[in-house]
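Quick note on labels: first sequence line is chain A, next is B, and so on, each numbered from 1.
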Amino acid sequence: MEVPPFPRPKDLEEAQALQKPLAAKVVVEGSLEGVRRLAALDASHKPGRPLVAVALLYDLEKGPLQVGKAQVPEEELFPYVPGFLSFREAPAYLEALKALPEAPEALLVDGQGIAHPRGLGIASHLGVHLDLPSVGVAKSLLFGRPERPLPREAGSAVRLLAPDGRPVGYAYRSRTGVRPLYVSPGHRVGLEEALALVKGLPTRFRLPEPLRLAHLEALRALRALD
DNA sequence: GCGACAG
DNA sequence: ATCTTGTCGC
């Protein structure tokens, strides 16, 4: 698939300058009907070792199909700064996507979509960069707060509200007894559609299968390094 | 000024 | 993100 070069800011101010115009391009509406193949993106990293990124092509009916991987030396990584994760991991994900024999129709990313201080979490950033629908699934909260306590039952969900009251995603209980997942639209998809996609994915444990499998692949590749 | 803070 | 033992619970 065609992948435009990803800008590598040298510092935070440069990264901020790049975020602003892109956040304005995020489209928070759209349906995922017709989407059959998505790419689940997850990364694994151990200090002192290169970061391993995985793009797992997943067919909604057939399940996992192929795996694209990429590694980025630690020296080339932008530092981890909450709110700027995309500048650190997106380059690796783009390389992993290039390694796939075919392009996905949408992205499922381990991280926030618009549930972000400036409306551009890594899922949104990648979606805008590749002009693909995308959804963010994070394991912890970065921005926004659940409008009310999240019920304990599997399948329950409550909206995530920004300080100004604007809904930016959902706190979602994928399985009973597990900590919530935070689902937010990345790009070209609406709030409910983003949640609907995640709810429709097979989920054996806390994470939806596509992401869980991508995570296992990344972890296995990381451990295979040493 | 004091916390909070994706991976 | 990863480092780690035992431990609680289905």
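Hydrophobic clustering of Ile, Leu, Val, Met, Phe, Trp and Tyr side chains at less than 4.5 Å, counting indirect connections, unites A:Leu65 with A:Tyr93. A continuous path of ILVMFWY side-chain contacts below 4.5 Å connects A:Leu18 to A:Tyr80, so both sit in one hydrophobic cluster.
Of the possible polar contacts, one joining the A:Arg175 side chain to the A:Thr203 backbone as a donor-acceptor pair under 3.5 Å is found.
Every residue meeting the salt bridge (Lys or Arg N to Asp or Glu O under 4.0 Å) condition with A:Arg212, not counting sequence neighbours, appears here in chain and number order: A:Glu209.
A:Glu29 contributes atom CD, which lies 10.5 Å from atom NE2 of A:His187 (distance to the nearest 0.5 angstrom). Remark: A:Leu132 CG to A:Leu126 CG distance equals 9.5 Å, nearest 0.5 Å. Distance check: A:Arg159 CZ to A:Ser184 OG gives 14.5 Å after rounding to the nearest 0.5 Å. Taken from CD in A:Gln66 to CG in A:Leu57, the straight-line distance is 5.5 Å, to the nearest 0.5 Å. To the nearest 0.5 Å, atoms CD (A:Glu89) and CZ (A:Phe6) are separated by 11.0 Å.
Counting only Watson-Crick or G-U wobble pairs whose defining distances are both under 3.5 Å, DNA chain C contains no stem of 3 or more consecutive pairs.
A salt bridge links A:Arg36 and A:Glu61; the closest N-O separation between the charged side-chain nitrogens and carboxylate oxygens is under 4.0 Å.
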Using a 3.5 Å limit on both pairing distances, list the dot-bracket string of DNA chain B from the 5' end; Watson-Crick and G-U wobble pairs count, crossing pairs take [ ], interstrand pairs take |. .......
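Of the options A:Asp110, A:Val109, A:Leu211, a side chain to side chain contact (heavy atoms under 4.5 Å, CB included) to A:Leu41 is made by A:Val109 and by none of the others.
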A correct 5'-to-3' footprint of nucleotides 4-10 of chain C, with B, S and - meaning base, sugar-phosphate only and no protein heavy atom under 4.0 Å, is -------
B/S/- contact track for nucleotides 1-7 of chain B, protein heavy atom under 4.0 Å: ----BBB
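Taking the side chain as every heavy atom from C-beta outward, A:Leu197 and A:Leu108 approach each other to under 4.5 Å.
Annotation for A:Ala90 and A:Ile122: closest pair N-CD1, 4.0 Å, computed over non-hydrogen atoms.
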Full working for side-chain contact (heavy atoms from CB on, under 4.5 Å) between A:Val52 and A:Leu225: CA-CA 10 Å; A:Val52 175; A:Leu225 291 177; 4.2 Å; yes
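DNA chain B lies under 4.0 Å from no heavy atom of any residue of residues 190-212 of chain A.
For CD of A:Glu33, the number of neighbouring non-hydrogen atoms (other residues, nucleotides, ligands) closer than 6.0 Å is 12 at most.
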